[in-house]
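Numbering starts at 1 and runs along the sequence shown. These values consider heavy atoms only, across backbone and side chains, with no hydrogens, waters or symmetry-generated copies.
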Amino acid sequence: MKEEMIRRTKQFAIDVWRLSSKLPHSREYNNYVNQLIRSSSSVAANYRAVCRAKSKADFINKLKIVEEEGDESQFFLEVIDEINDNPELIPEIKRLIKEADELLAIVVASIKTARSS
């Protein structure tokens with residue numbers, strides 16, 4: 001499971017980057033896109049840090065960071081979905097929103113499991 005989450009979170013960051021390269025370049029879009037790229041790459045980087053946690057408390061704390069960054073990524077994807085004018089990008093945006101939701105569900109379940117053990 002750990003290796004699968006490392007792969008999925010990294011692929012999520014890459015896929016967000018690829019989507020971002022197809023979005024319009026304007027001051028307004030650039031602000032959202034920059035935040036989205038930061039938060040999605042933070043999901044992947046911080047999940048890797050989870051795998052190196054030194055204690056249960058450290059593990060939970062690092063997972064909480066992944067949760068926050070995943071939620072932020074999902075938020076910016078939802079905003080971009082609402083302001084996007086390119087119908088060709090809709091399926092990819094929707095797929096990434098779904099992936100962010102799935103990653104968040106896994107992380108939240110992991111936090112609950114870690115707290116109860």
Side-chain angles (χ1 to χ4, degrees):
M1 179 63 160
K2 177 177 83 168
E3 290 79 18
E4 177 66 10
M5 278 295 286
I6 289 171
R7 185 198 64 74
R8 279 181 76 175
T9 56
K10 182 178 178 183
Q11 192 61 53
F12 178 68
I14 292 167
D15 291 348
V16 164
W17 182 85
R18 288 188 175 134
L19 169 69
S20 297
S21 71
K22 298 173 189 169
L23 292 168
H25 297 280
S26 69
R27 184 181 56 159
E28 297 80 13
Y29 260 101
N30 290 347
N31 188 35
Y32 288 146
V33 168
N34 290 339
Q35 284 296 115
L36 175 58
I37 290 172
R38 274 190 215 93
S39 60
S40 65
S41 59
S42 184
V43 168
N46 280 294
Y47 189 80
R48 287 175 66 127
V50 166
C51 299
R52 294 185 311 277
K54 308 275 188 267
S55 66
K56 180 178 166 181
D58 189 35
F59 178 80
I60 292 169
N61 185 51
K62 287 177 179 1
L63 275 175
K64 291 296 291 175
I65 294 168
V66 175
E67 179 187 15
E68 289 172 16
E69 297 295 334
D71 186 58
E72 184 174 325
S73 297
Q74 190 173 30
F75 168 77
F76 283 109
L77 284 164
E78 290 168 356
V79 169
I80 288 169
D81 183 40
E82 289 189 29
I83 62 175
N84 170 53
D85 291 330
N86 184 345
E88 293 176 13
L89 297 179
I90 293 172
E92 182 64 3
I93 295 169
K94 298 286 189 197
R95 185 187 72 76
L96 288 170
I97 291 170
K98 183 176 185 282
E99 178 66 359
D101 191 51
E102 289 177 14
L103 292 171
L104 275 169
I106 292 166
V107 169
V108 168
S110 296
I111 291 167
K112 287 180 183 175
T113 300
R115 283 184 173 154
S116 67
S117 62

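- With hydrophobic clusters built from ILVMFWY side chains whose heavy atoms lie under 4.5 angstrom apart, L104 does not share a cluster with F76.
- With sequence neighbours left out, the salt bridge (charged side-chain N to carboxylate O under 4.0 Å, His left out) criterion links K10 to no other residue.
- Residue K94 qualifies as open at atom NZ: its count of foreign heavy atoms under 6.0 Å is 12 or below.
- For residues 77-117, no residue pair satisfies the ring-ring contact (aromatic ring centres under 6.0 Å, His included) rule, not counting sequence neighbours.
- Legend: residues meeting salt bridge (charged side-chain N to carboxylate O under 4.0 Å, His left out) with E67, ordered by chain and number and at least two apart, are K64.
- Y32 and V79 get closest at one heavy-atom pair: CE1-CG1, 3.6 Å.
- Looking at residues two or more places apart in sequence or on another chain, you find no salt bridge (charged side-chain N to carboxylate O under 4.0 Å, His left out) involving R38.
- Note that the OG atom of S73 and the CD atom of E68 stand 11.5 Å from one another [nearest 0.5 Å].
- Follow the hydrophobic side-chain contacts under 4.5 Å out from I6 and you reach W17 in the same cluster.
- Counted within 6.0 Å of CD on E88, heavy atoms from surrounding residues, nucleotides or ligands total 12 or fewer; the atom is thus considered open.
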- Kindly indicate, with the supporting measurements, whether the criterion side chain to side chain contact (heavy atoms under 4.5 Å, CB included) is fulfilled by I106 and R8. CA-CA 11 Å; I106 292 166; R8 279 181 76 175; 3.7 Å; yes
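- Rounding to the nearest 0.5 Å places CD1 of I80 at 12.0 Å from CD of E92.
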* Asked: After noting the C-alpha distance and the side-chain angles of S39 and F75, does the key distance pass the side chain to side chain contact (heavy atoms under 4.5 Å, CB included) rule?
  -> CA-CA 10 Å; S39 60; F75 168 77; over 6 Å; no
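- Every residue meeting the salt bridge (charged side-chain N to carboxylate O under 4.0 Å, His left out) condition with D15, not counting sequence neighbours, appears here in chain and number order: R95.
- Annotation for D58 and A53: closest pair OD2-CA, 3.3 Å, computed over non-hydrogen atoms.
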Identify every side-chain donor-acceptor pair in residues 43-52 under 3.5 Å, counting partners at least two apart or on other chains, and give the distances.
residue	atom	partner	partner atom	Å
N46	ND2	S42	O	3.0
N46	ND2	S42	OG	2.7
R52	NH1	R48	O	3.1

